Trainee: 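Have a look at the structure that comes next, please.
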Amino acid sequence: AQSVAQPEDQVNVAEGNPLTVKCTYSVSGNPYLFWYVQYPNRGLQFLLKYITGDNLVKGSYGFEAEFNKSQTSFHLKKPSALVSDSALYFCAVTADFTGFQKLVFGTGTRLLVSP
Amino acid sequence: KAGVTQTPRYLIKTRGQQVTLSCSPISGHRSVSWYQQTPGQGLQFLFEYFSETQRNKGNFPGRFSGRQFSNSRSEMNVSTLELGDSALYLCASSLEGRTPETQYFGPGTRLLVL
């Protein structure tokens, strides 16, 4: 069975500082990993995904994520946080052997960026 | 290109009633998936439709059903509503519904069951 863990319910960071939102996964087969962001009363917005290749994936709004196969992690990062980055972040996984798209999500991490 | 649209955005129903939610995918996308989001259970996969056929189903009771039309628009139906069905229902679309395509989500329909 596939699973995703986001160990932190909330991450607090000051504006201008780097941020990291953690994600670890468990999956049989090769993982496909995604990050989505959710603003209040909105759906999920796609940030980035890892399929294969370069372990550092660059996405929207200056976000990037680092895939680490040995640690089964896919942490989301940004060099300099903005107040407008405050939102709920979800990591999700699916596996290559399934063929069909069915995302398994983590519980989400609330990011709070203070001015 | 217009994004995924969902109607209505908000719904209030009472226990025992039924409800139908609608989703229009991004133009050209043929796969539509539905997810339920609740504070307690998080985001859970309901089902996925492609070419008017349900290809994948999550672990939900039979009260939850869906369908897809020839224009790829999808509806989901919940019968005999329970208080626990209160949730944000999210629809997502992708081209063919195959890994590792990206799913694009709509704004959701917030259902409150009283």
Side-chain angles (χ1 to χ4, degrees), chain A residues 1-10 23 25 27-53 57 59-60 63 65 67 74 87-110, chain B residues 3-10 21 23-26 29-51 53-60 87-112:
Chain A
Q2 303 159 65
S3 66
V4 173
Q6 293 183 243
E8 301 156 318
D9 289 337
Q10 182 162 312
C23 170
Y25 66 90
V27 67
S28 300
N30 292 317
Y32 299 127
L33 294 151
F34 300 77
W35 275 103
Y36 286 86
V37 59
Q38 186 175 37
Y39 294 96
N41 299 316
R42 303 281 292 274
L44 302 179
Q45 292 182 34
F46 169 72
L47 283 177
L48 51 81
K49 69 180 179 184
Y50 171 82
I51 302 173
T52 186
V57 180
S60 307
F63 284 93
F67 172 70
F74 189 57
L88 188 56
Y89 290 80
F90 289 95
C91 181
V93 68
T94 188
D96 62 348
F97 71 90
T98 64
F100 299 122
Q101 186 65 287
K102 173 187 170 182
L103 292 174
V104 173
F105 286 88
T107 51
T109 298
R110 188 164 302 280
Chain B
V4 178
T5 58
Q6 292 186 246
T7 56
R9 292 293 310 277
Y10 303 93
L21 313 181
C23 171
S24 292
I26 292 171
H29 285 192
R30 298 166 63 195
S31 169
V32 173
S33 297
W34 289 88
Y35 292 84
Q36 181 196 63
Q37 185 178 17
T38 60
Q41 299 299 317
L43 278 155
Q44 293 186 288
F45 172 79
L46 279 156
F47 30 63
E48 186 253 355
Y49 286 87
F50 176 82
S51 195
T53 301
Q54 186 183 91
R55 291 194 301 194
N56 213 344
K57 191 177 190 309
N59 189 24
F60 279 82
L88 181 67
Y89 290 88
L90 293 165
C91 164
S93 76
S94 64
L95 282 168
E96 301 278 331
R98 299 277 181 177
T99 56
E101 291 173 7
T102 299
Q103 289 190 344
Y104 295 92
F105 285 78
T109 294
R110 186 165 296 280
L111 172 64
L112 177 61

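All values derive from a computational prediction rather than experimental measurement. Residue numbering restarts at 1 for every chain, and letters A, B, ... go by the order of the sequence lines.
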Trainee: First locate atom NZ of B/K57, then atom NZ of A/K102, and finally report the distance between them rounded to the nearest 0.5 Å.
Mentor: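 The NZ atom of B/K57 sits 10.5 Å away from the NZ atom of A/K102.
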Trainee: Side chains of A/Y36 and B/T102: does their closest heavy-atom pair fall under 4.5 Å?
Mentor: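 Yes, their side chains come closer than 4.5 Å.
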Trainee: If you look at every heavy atom in B/F105 and A/L44, which pair is closest and at what distance?
Mentor: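 In this case the closest contact between B/F105 and A/L44 is CB-O, 3.4 Å.
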Trainee: Please enumerate all residues that pass side-chain hydrogen bond (donor to acceptor under 3.5 Å, both in side chains) together with B/Q44, with sequence neighbours excluded.
Mentor: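 Scan of B/Q44 (side-chain hydrogen bond (donor to acceptor under 3.5 Å, both in side chains), adjacent residues dropped) gives none.
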Trainee: Check B/F45 against A/L103 and note the closest heavy-atom contact, atom names and distance.
Mentor: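 Looks like CB-O, 4.4 Å.
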Trainee: Between atom CZ of A/F34 and atom CD of B/Q103, what is the distance when rounded to the nearest 0.5 Å?
Mentor: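 Those atoms lie 7.5 Å apart.
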Trainee: Quick check on B/Y35 against chain A: is it the side chain, the backbone, both or neither that has a heavy atom closer than 4.5 Å?
Mentor: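 Answer is side chain: those atoms of B/Y35 sit under 4.5 Å from chain A.
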Trainee: Which heavy atom of B/L90 sits nearest a heavy atom of A/G43, and at what distance?
Mentor: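 What the structure gives for the nearest pair is CD2-CA, 3.9 Å.
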Trainee: A/Q38 vs B/L88, test: side chain to side chain contact (heavy atoms under 4.5 Å, CB included). Steps then yes/no.
Mentor: CA-CA 12 Å; A/Q38 186 175 37; B/L88 181 67; 3.7 Å; yes
Trainee: Using non-hydrogen atoms only, which part of B/Q41 is less than 4.5 Å away from chain A: side chain, backbone, both, or neither?
Mentor: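 Neither; nothing under 4.5 Å.
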Trainee: Side chain, backbone, both or neither: which part of A/Q45 has an atom under 4.5 Å from a heavy atom of chain B?
Mentor: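 For A/Q45, no heavy atom lies under 4.5 Å from chain B.
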Trainee: State which residues pass side-chain hydrogen bond (donor to acceptor under 3.5 Å, both in side chains) with B/R55; sequence neighbours excluded, sorted by chain then number.
Mentor: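 Checked B/R55 against side-chain hydrogen bond (donor to acceptor under 3.5 Å, both in side chains); matches are B/E48.
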